[in-house]
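Nothing here was measured: the structure is a model prediction, and the numbers come from that model. In listed order, ligands and their atoms are each counted from 1.
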Amino acid sequence: MTPRPSSRFMECLQYAAHKHRDQRRKDPAQTPYVNHVINVSTILAVEACIEDEAVLMAAILHDVVEDTDATFADLEALFGADVCDLVREVTDDKSLEKQERKRLQIANAAKTSPRAKLIKLADKLDNLRDLLVNTPQGWTEERRELYFVWAKQVVDNLRGTNTNLELKLDEIFRQRGLL
Ligand SMILES: Nc1nc2c(ncn2[C@@H]2O[C@H](COP(=O)(O)OP(=O)(O)O)[C@@H](OP(=O)(O)OP(=O)(O)O)[C@H]2O)c(=O)[nH]1
Ligand SMILES: [Mn+2]
């Protein structure tokens, strides 16, 4: 029988689409924000062949606490502690200065659990694929280049997690002369 998405997974999609409904990405086309989280979960399912449903659900929810009014308590009540804890692992503390958040992403990457590392790798892969073809609104070329350099530092601390995703990221870093 053809597998179908679980009700839990569908509820995640619906919840993320609702919470991110007024947000747009920074690309010139102002893509709906939810496209990004769908991309991240799809990268994990299709390109990394991940079947761990909590990981695929957490990928859909990975920016919902960082960027909307959703709380970890909401996620735990709706989707359970396992999914909630994964989202917690990949959520930046928005109360910190931006430079400190960027530094912590590099430092914390190595300490993250293997399942959360998968989400972080797919997140960076989607952001970098976008940056290869778009310059976010208001960004200079230099800022775009610095994002590639910073993302490589994060990815370097996530290695040994998924060969396929790491090969695809390395292809991008090679293209940008960083490898
Ligand atoms: N490439 C790209 N990025 C965009 C776009 N729109 C929003 N973003 C987000 O912008 C972040 C990078 O911009 P920065 O200036 O470094 O960070 P900031 O959003 O905290 O100011 C990425 O977050 P991140 O911390 O790297 O990851 P995450 O927040 O997605 O988890 C990415 O998700 C877009 O159109 N293209
Ligand atoms: Mn993201």
Within the 4.0 Å heavy-atom cut-off, what Asp123 brings close to ligand 1 is side chain
How about Asp27 and Thr31: does a side-chain donor come under 3.5 Å of a side-chain acceptor? yes
Quick one: does Asp63 get an N or O within less than 3.5 Å of an N or O on ligand 1? yes
Quick test: of every protein heavy atom, which one is nearest to atom 36 (N) of ligand 1, and how far off is it to 0.1 Å? Asp130 OD2, 2.5 Å
Of all the atoms in ligand 1, which lie at a distance below 4.0 Å from a heavy atom belonging to Gln105? 25 (O)
Does some side-chain heavy atom of Lys94 sit less than 4.5 Å from a side-chain heavy atom of Asp67? yes
Interfacing atoms of ligand 1 (cut-off 4.0 Å, heavy-atom, His36): 30 (O)
Of the protein's non-hydrogen atoms, which lies at the shortest distance from atom 7 (C) of ligand 1, and what is that distance? Arg25 NH1, 3.4 Å
Can you name the N/O/S atom of Asp123 that is nearest the Mn ion (ligand 2)? OD1
Do Asn134 and Arg144 make a side-chain contact, defined as non-hydrogen atoms from C-beta onward lying under 4.5 Å apart? no
Using a strict 4.0 Å cut-off to heavy atoms of Glu66, name the atoms of ligand 1 that fall inside it. 29 (O)
Atom 21 (O) of ligand 1: nearest protein contact (heavy atom, Å): Lys98 NZ, 2.9 Å
With a 4.5 Å heavy-atom cut-off, do Pro136 and Tyr147 have their side chains touching? no
Angle class for the His62/His36 ring planes (parallel below 30°, perpendicular above 60°, tilted otherwise)? perpendicular
Do me a favour and list the nearest non-hydrogen protein atom to atom 11 (C) of ligand 1 with residue, atom name and distance? Lys26 NZ, 3.8 Å
For N/O/S atoms only: which one belongs to Asp63 and is nearest the Mn ion (ligand 2)? OD2
When you measure from the side chain of Asn157 to the backbone of Val154, do you find a donor-acceptor pair of N or O atoms at a distance under 3.5 Å? no
Just which atoms of ligand 1 are under 4.0 Å from any heavy atom in Leu131? 1 (N)
In this structure, does ligand 1 have an atom that sits under 4.0 Å from one of the heavy atoms of Lys124? yes
Which of the numbered atoms in ligand 1 are under 4.0 angstrom from any heavy atom belonging to Arg143? 14 (P), 15 (O)
Just need the protein heavy atom nearest to atom 26 (O) of ligand 1, so name the residue and atom and give the distance. Tyr147 OH, 2.3 Å
Using a heavy-atom cut-off of under 4.0 Å, does the side chain or the backbone of Asp27 touch ligand 1, or both, or neither? both
Atoms of ligand 1 less than 4.0 Å from Arg101 heavy atoms? 20 (O)
Show which atoms of ligand 1 fall inside a sub-4.0 Å distance from at least one heavy-atom site of Trp139. 12 (C), 13 (O), 14 (P), 15 (O)
Looking at side-chain heavy atoms only, is the closest gap between Val55 and Leu86 below 4.5 Å? yes
Would you kindly say whether Arg25 and Asn127 are connected by a side-chain donor-acceptor distance under 3.5 Å? yes
Which atoms of ligand 1 sit under 4.0 Å from any heavy atom of Trp150? 26 (O)
Less than 4.5 Å apart, side chain to side chain, heavy atoms only: is that true for Arg129 and Leu125? yes
Please examine the side chains of Cys84 and Phe79, heavy atoms only from C-beta on, and report whether any two atoms are closer than 4.5 Å. no
Under-4.0 Å salt bridge between Glu171 and Arg174: yes
Among all protein heavy atoms, pick out the one at the shortest distance from atom 16 (O) of ligand 1; state its residue, atom name and that distance to 0.1 Å. Lys102 NZ, 2.6 Å
With backbone taken as N, CA, C and O and side chain as the heavy atoms from C-beta onward, which portion of Asp67 lies under 4.0 Å from ligand 1: side chain, backbone, both, or neither? neither
Check the side chains of Gln153 and Lys102 for a donor-acceptor pair under 3.5 angstrom, ignoring hydrogens and angles. no
Which residue and non-hydrogen atom of the protein lie closest to atom 1 (N) of ligand 1, and at what distance in Å? Asn127 O, 3.0 Å
What I want to check is whether the side chains of Asn39 and Thr42 have a donor and an acceptor closer together than 3.5 Å. no
